[in-house]
Amino acid sequence: MKILKTLLQIAKSKVFIYFFLAALFIFIIIAACGARYIFSGLPPVYEMEEYTPSLTTKVYDRNGKVIHEFSIEKRSMVPLEEIPVDIQNAVIAMEDRDFFKHPGVSIKGTTRAIILDLFTGRAKQGGSTLTQQLSRGVFLTKEKKIIRKIREIILAVQIEHSFSKQEILQLYLNEIYLGEGAYGVKTAAKKYFDKEMEELTLAESALIVGTIPAPSRYNPFANPETAQTRRSLVLRVMQDQGYITKEEFDKANAEPLPAQRPVQKNKPGLYFIEHVRRYLEPKYGMDILWKAGLNIYTTIDIDQQAIAEEIIEKKLSDFDIKIAKGLGIEIEEFSEGTEGNEETVQAIPEGVEYPKLQAAFMVRDVKTGAVRVMIGGRDYEQYRFNRATQGRRQPGSSFKPYVWMAALQKNYTPATLVKDLPTLFYNDGRNWRTFDEEEDQYSLELAAQPFIASKNFAVWVPQNMGGRSSGWVTLRNALEKSKNLVAVNLIDAVGISETIRVARKAGIKSNMAPVPALALGVSAITPAEQLEGMSTFANNGIHVPNYYVDKVTDNNGRVLEENVPLETEAFTPQNSFLLINMMKGVVQQGTGGAARRLGRPLAGKTGTSQKHRDAWFVGMTPQTAAVAWMGYDDDTFQQEGRWTGGGTVAPWWTDIMERLLKGEPVTDFTVPEGISYSYINPVTGKLAQPTDRNKFLEAFKKGTEPKSF
């Protein structure tokens with residue numbers, strides 16, 4: 001009794017009151033600091049409402065097919081109504097059967113978890129609702145601490161307040177990690193079964209949902225027995241809760257697990273995809289390209305791309321085998337195909353080192369510049385260097401059309417006689433000059449003797465392939481037969497600088513050496529540049545750059561960029577038509593004869609560089625242009641094989657275009673106003689006599705036709 005009275009007296013004393021108030025103040029401060037610490041680790045509500053997970057950027061071909069995806073996390077966002085009901089039911093049954101009843105937190109489960117946490121001193125993940133799992137997976141760190149658990153509970157309640165149950169479930173099913181690098185059920189369907197989500201069976205849905213607690217442990221490819229047991233549990237719980245019948249359980253439970261991961265097929269168009277990435281990534285940044293869920297609509301036709309890749313690989317493999325045989329490499333032979341329809345296939349044994357040919361090939365729309373096919377080489381995984389856009393090679397005689405255009409602009413006509421005679425060029429240290437005309441090689445060699453010994457002079461005596469010359473020939477005949485002597489004499493007459501100006505206007509951006517040999521294609525350019533340049537001639541002299549992306553939209557469909565072809569008048573329609581008309585002759589009766597079997601109007605030009613290091617063919621219809629290059633990366637040359645653009649590249653170029661042009665209407669190049677036709681003698685270039693057997697109907701700009709016989 002005395003003790004009680006003593007305590008009452010103390011309680012009434014000022015000292016106790018001060019002590020109590022001080023303790024209360026300290027408690028409030030600690031509580032406030034603790035609350036501040038807890039809430040400082042939570043995102044604002046508006047961030048939750050605006051939350052967008054890392055999405056997959058999709059790349060489409062010209063026909064709307066998805067051909068590639070850029071993503072850090074493999075994920076696709078889909079609305080809840082598109083997610084199979086079996087998946088939704090399985091998740092509710094296994095992860096949170098009271099999902100539609102609780103306010104974001106299960107009082108019973110959380111109390112049990114907290115008691116366990118207090119005894120163990122660390123936070124477990126038991127007792128979590130779907131909303132808590134979502135808050136943990138989206139907004140919080142993965143660390144297992146009691147403070148994180150408290151934040152998780154608070155955040156779950158906030159999420160429930162800000163979102164409907166359907167929105168929470170949708171976000172959860174799109175966000176949850178399901179193993180194999182897949183985030184969300186749509187991506188998991190592809191990763192585990194190579195199926196669209198709506199095609200999943202009940203058993204497949206149960207397997208995917210079963211991986212949620214521990215994706216690695218329940219992975220069917222790594223631990224099939226554990227995955228089988230887990231899937232059975234999911235199906236059993238679904239049956240117990242009335243989501244499926246016993247018959248459905250038995251049928252699904254008997255379904256075999258996937259035996260192995262879906263085979264990742266070698267996709268066509270990888271060089272094109274990389275080219276698009278190199279174009280867009282600096283423009284939008286890595287985060288936007290890889291995480292923002294853009295839609296990239298490209299110009300490529302992936303079906304045509306696959307055809308071209310298949311043919312090139314087959315043709316170049318055949319060349320490889322021929323070369324390997326010449327090197328003494330023993331070739332393997334084996335049968336391939338179905339029984340009764342087998343064929344013998346030859347191959348170079350694995351592990352044998354041999355020179356491997358490379359190629360580049362591109363196709364574009366002549367008028368718009370849209371690139372439909374791009375092949376930068378063979379075996380992208382091993383050789384990532386894009387020879388179509390990055391590989392500069394000597395174009396050889398395929399450069400000659402630029403010289404011919406320069407001549408047309410100087411009022412030459414297809415019937416103008418030009419010099420197919422040996423010419424000696426010398427450089428006096430400042431400029432390239434020529435000697436007076438000589439009629440034979442011997443005289444030129446004598447004239448060159450005083451200069452050869454001088455260090456101040458460089459001497460160059462070009463030759464035609466085969467070493468023969470014809471004297472004087474028409475401009476048309478010289479292009480059809482790819483006369484080197486005509487080309488160098490012509491560039492000397494019209495001017496090197498004028499030829500460079502023509503090439504620049506057509507679309508050539510690479511450096512061009514101001515030397516007479518430029519006419520023979522000694523300055524290296526890319527196949528992409530050559531395709532753009534030749535397309536300018538086929539497009540009535542209108543230059544339109546190559547382009548690869550039609551449109552880019554964000555995840556909500558808002559257009560971020562859209563291509564509009566940029567047209568520039570580079571040459572007159574009349575001069576362009578005259579050049580194209582002569583290039584048609586290259587195919588009809590010249591070095592590009594291999595392409596005649598296409599059976600349609602086609603302009604083309606072959607090209608072979610020094611010592612046969614590079615072989616080219618470029619060809620155009622009024623709608624489509626295509627360029628092909630073949631050679632070795634290390635500049636190995638095939639002196640013995642004497643490979644040429646017309647003899648080696650034009651045939652496989654034609655094989656590809658025969659397939660690609662099947663649906664294209666057979667039309668001829670449009671004749672512009674200001675063009676007239678006259679029959680000429682193809683030898684003299686003058687008007688043809690009525691009795692001339694080989695007379696040729698030639699096109700001219702009106703007023704430039706020959707006036708005499």
Full working for side chain to side chain contact (heavy atoms under 4.5 Å, CB included) between Val586 and Leu479: CA-CA 7 Å; Val586 172; Leu479 188 63; 4.1 Å; yes
Chi angles and distances behind the side chain to side chain contact (heavy atoms under 4.5 Å, CB included) call for Thr606, Thr644: CA-CA 8 Å; Thr606 58; Thr644 64; over 6 Å; no
Working for side chain to side chain donor-acceptor pair (under 3.5 Å), residues Ser397 and Ser482: CA-CA 7 Å; Ser397 292; Ser482 201; 3.2 Å; yes
Worked check of side chain to side chain contact (heavy atoms under 4.5 Å, CB included) between Thr474 and Met582: CA-CA 11 Å; Thr474 63; Met582 286 189 282; over 6 Å; no
Derivation of the side chain to side chain contact (heavy atoms under 4.5 Å, CB included) call for Phe709 and Leu687: CA-CA 5 Å; Phe709 294 99; Leu687 291 174; 3.7 Å; yes
From CA spacing to verdict: salt bridge (charged side-chain N to carboxylate O under 4.0 Å, His left out), Arg597, Asp655: CA-CA 10 Å; Arg597 61 183 159 92; Asp655 289 338; 2.6 Å; yes
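Looking at heavy atoms from C-beta onward, Leu661 lies out of side-chain contact with Gln623 at the 4.5 angstrom threshold. Between Gln530 and Met362 there is no side-chain heavy-atom pair separated by less than 4.5 Å. Side chains of Lys400 and Leu490 form no contact here, defined as non-hydrogen atoms less than 4.5 Å apart. Residues His543 and Glu532 have side chains in contact (heavy-atom distance under 4.5 Å, counting atoms from C-beta outward). The side-chain heavy atoms of Met405 and Lys505, taken from C-beta on, include no pair separated by under 4.5 Å. Counting only heavy atoms from C-beta outward, the side chains of Asp301 and Leu660 never approach each other to under 4.5 Å. Residues Trp404 and Val486 are in side-chain contact: their nearest non-hydrogen atoms beyond the backbone lie under 4.5 Å apart. Taking the side chain as every heavy atom from C-beta outward, Gln305 and Ile375 approach each other to under 4.5 Å.
A distance of 12.5 Å separates CD of Glu313 from NZ of Lys315, quoted to the nearest 0.5 Å. Taken from OG1 in Thr684 to CG in Asp692, the straight-line distance is 7.5 Å, to the nearest 0.5 Å. Between atom CE of residue Met583 and atom OG of residue Ser576 there is a gap of 11.0 Å, rounded to the nearest 0.5 Å. Considering CG of Asn581 and CZ of Arg476, their distance stands at 5.0 Å, rounded to 0.5 Å. How far CG of Leu316 is from NZ of Lys356: 9.0 Å, rounded to the nearest 0.5 Å. Once rounded to the nearest 0.5 Å, the distance linking CH2 of Trp653 with CD of Glu658 reads 11.0 Å.
Using modelled atom types, one finds no donor on one side chain facing an acceptor on the other under 3.5 Å when comparing Asn477 with Lys483. Arg364 and Ser535 are linked by a side-chain donor-acceptor pair at a separation below 3.5 angstrom, with hydrogens and angles left out of the test. Remark: the Thr704 side chain and the Thr413 side chain contain no N/O donor-acceptor pair separated by less than 3.5 Å.
Nearest approach of Asp61 to Ile300, heavy atoms of both residues: CB-O, 3.1 Å. Of all heavy-atom pairs between Pro282 and Arg277, the closest is CD-O, 4.0 Å. Between Tyr402 and Gly533 the shortest heavy-atom distance is OH-CA, 3.6 Å. Nearest heavy atom pair, residue Leu520 against residue Ala487, reads CD2-CB, 3.9 Å. Nearest heavy-atom pair across Pro395 and Gly521 is CD-O, 3.1 Å. Smallest separation of non-hydrogen atoms from Ala595 and Leu602: CB-CD2, 3.5 Å.
No more than 12 heavy atoms of other residues, nucleotides or ligands sit less than 6.0 Å from atom NZ of Lys662. Under a cut-off of 6.0 angstrom, the local environment of CG in Asn511 is sparse, with at most 12 non-hydrogen atoms contributed by other residues, nucleotides or ligands. Remark: Lys509 NZ is packed, more than 12 non-hydrogen atoms of other residues, nucleotides or ligands lying under 6.0 Å away. Other residues, nucleotides and ligands place more than 12 heavy atoms under 6.0 Å from the OH atom of Tyr297.
Counting only distance, with no hydrogens or angles, the side chain of Thr298 and the backbone of Tyr548 share no donor-acceptor pair below 3.5 Å. Judged by distance alone, the side chain of Asp365 and the main-chain N or O of Ala370 form no donor-acceptor pair under 3.5 Å. For the pair Arg62 (side chain) and Thr299 (backbone), a donor-acceptor distance under 3.5 Å is absent. No donor-acceptor pair closer than 3.5 Å links the side chain of Thr624 to the backbone N or O of Met620. Here the side chain of Asn681 pairs a donor or acceptor atom with the backbone of Val683 at under 3.5 angstrom. At distances below 3.5 Å, at least one donor-acceptor pair connects side-chain atoms of Asn546 with backbone N or O atoms of Ala528. Between the Arg596 side chain and the Val587 main chain, a donor and an acceptor come within less than 3.5 Å of each other. No side-chain donor-acceptor contact under 3.5 Å links Glu562 to the backbone of Lys551. Without hydrogens or angle criteria, Asn489 side chain to Leu421 main chain gives a donor-acceptor distance under 3.5 Å. In terms of modelled atom types and a separation under 3.5 Å, the side chain of Arg378 and the main chain of Leu357 share a donor-acceptor contact.
Glu498 has no carboxylate O lying under 4.0 Å from a charged side-chain N of Lys410, or vice versa, which leaves the two without a salt bridge. With respect to Asp303 and Arg659, no salt bridge is recorded, no charged nitrogen being found less than 4.0 Å from a carboxylate O. Note on Glu274 versus Arg384: no salt bridge recorded, every NZ/NE/NH1/NH2 to OD/OE distance being 4.0 Å or above. Ion pairing between Lys584 and Asp668 holds under the 4.0 Å rule for side-chain N and carboxylate O. A salt bridge between Lys322 and Asp318 is absent, with no side-chain N of the basic residue lying under 4.0 Å from a carboxylate O of the acidic one.
Applying the ring pair (Phe, Tyr, Trp, His ring centres under 6.0 Å) test to every pair with at least one member in residues 571-604, sequence neighbours left out, gives these pairs: Phe537-Phe571.
Under the ring pair (Phe, Tyr, Trp, His ring centres under 6.0 Å) criterion, Phe696 pairs with no residue, sequence neighbours left out. With sequence neighbours excluded, no residue forms a salt bridge (Lys or Arg N to Asp or Glu O under 4.0 Å) with Arg392.
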